[in-house]
Amino acid sequence: MLQDFKNFALRGNVVDLAVGVIIGAAFGRIIDSLVTDVIMPMIGAITGGLDFSNYFVPLSKAAHTDMTYEEAKKVGAVIGYGQFITVAVNFIIIAFVLFLVIQAFERMKKKPAEAPAAPPEPTKTEVLLTEIRDALRSRP
């Protein structure tokens, strides 16, 4: 059983998957930092420091709108629609950045040379003339 597990764990697909997951996690951190540390501050500067993360609707009497979202969550039930908006905007930005990165990688790949087009089929007239030529050549 130990030998079977070793064969399974060292199979090429499992190792490739593990490498892909590790690189994907590292790449995810890079993209998250790009969005959090570079893009969102620019958006904040453009919108005048607008921050959706503290927009919420209190559902309990203990929570009120003078609190931050985190404080309100600690004292009672709240609907954090601002946090949802922030996460949705982050997702859109991340998806767009990934789209741009994948496009750049695709452009960097060498494209295979296109195969030359096959010559067009001969027309009926050409076929007939070829048959006549061959018939005349075969006469003694």
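Only this structure's heavy atoms are used, side chains among them; waters, hydrogens and symmetry mates stay out. Start at 1 with the first residue, then count along the sequence. Note that the structure is predicted; figures quoted are calculated from it, not measured.
- Residue Ser60 comes nearest to Gly76 through the heavy atom pair OG-CA, 3.3 Å, listed as atom of the first residue, atom of the second, then distance.
- No chain of hydrophobic side-chain contacts below 4.5 Å, direct or via other Ile, Leu, Val, Met, Phe, Trp or Tyr residues, connects Ile46 to Ile93.
- Of all heavy-atom pairs between Tyr69 and Gly80, the closest is CE1-CA, 3.3 Å.
- No side-chain heavy atom of Ile79 sits less than 4.5 Å from a side-chain heavy atom of Phe84.
- Not counting sequence neighbours, Glu121 has no partner by the side-chain contact (heavy atoms from CB on, under 4.5 Å) test.
- Under the rule for a side-chain hydrogen bond (donor to acceptor under 3.5 Å, both in side chains), Asp134 has no partner lying at least two apart in sequence or in another chain.
- Criterion: ILVMFWY side-chain heavy atoms under 4.5 Å apart, direct or through other members. Under it, Leu129 and Leu136 are not part of a common hydrophobic cluster.
- Criterion: ILVMFWY side-chain heavy atoms under 4.5 Å apart, direct or through other members. Under it, Met108 and Ile30 are not part of a common hydrophobic cluster.
- Remark: Gln3 pairs with Asn7 by the side-chain hydrogen bond (donor to acceptor under 3.5 Å, both in side chains) rule, at least two apart or across chains.
- Other residues sharing a hydrophobic cluster with Ile22 under the 4.5 Å side-chain heavy-atom criterion for ILVMFWY residues do not exist; the residue is a singleton.
- Residue Phe99 belongs to a hydrophobic cluster whose other members are Phe96, Leu100, with links defined by side-chain heavy atoms closer than 4.5 Å.
- A search for side-chain contact (heavy atoms from CB on, under 4.5 Å) contacts involving Ser33 returns Asp37, not counting sequence neighbours.
- Under the side-chain contact (heavy atoms from CB on, under 4.5 Å) criterion, Ile102 pairs with Glu106, sequence neighbours left out.
- A distance of 5.5 Å separates OG1 of Thr86 from CD of Gln83, quoted to the nearest 0.5 Å.
- In this structure, Phe91 has no ring pair (Phe, Tyr, Trp, His ring centres under 6.0 Å) partners at least two apart in sequence or on a different chain.
- Shortest non-hydrogen contact noted between Ala63 and Pro58 is O-CB, 3.3 Å.
- Residues meeting the salt bridge (charged side-chain N to carboxylate O under 4.0 Å, His left out) test with Glu126, sequence neighbours left out: none.
- For Lys74, there are no salt bridge (charged side-chain N to carboxylate O under 4.0 Å, His left out) partners, not counting sequence neighbours.
- By the salt bridge (charged side-chain N to carboxylate O under 4.0 Å, His left out) test, Glu71 is found to be paired with no residue, residues two or more places apart in sequence or in another chain being considered.
- No side-chain heavy atom of Val78 sits under 4.5 Å from any side-chain heavy atom of Val57.
- Qualifying side-chain contact (heavy atoms from CB on, under 4.5 Å) partners for Tyr55, counting only residues two or more places apart in sequence or in other chains: Leu50, Phe52, Tyr81.
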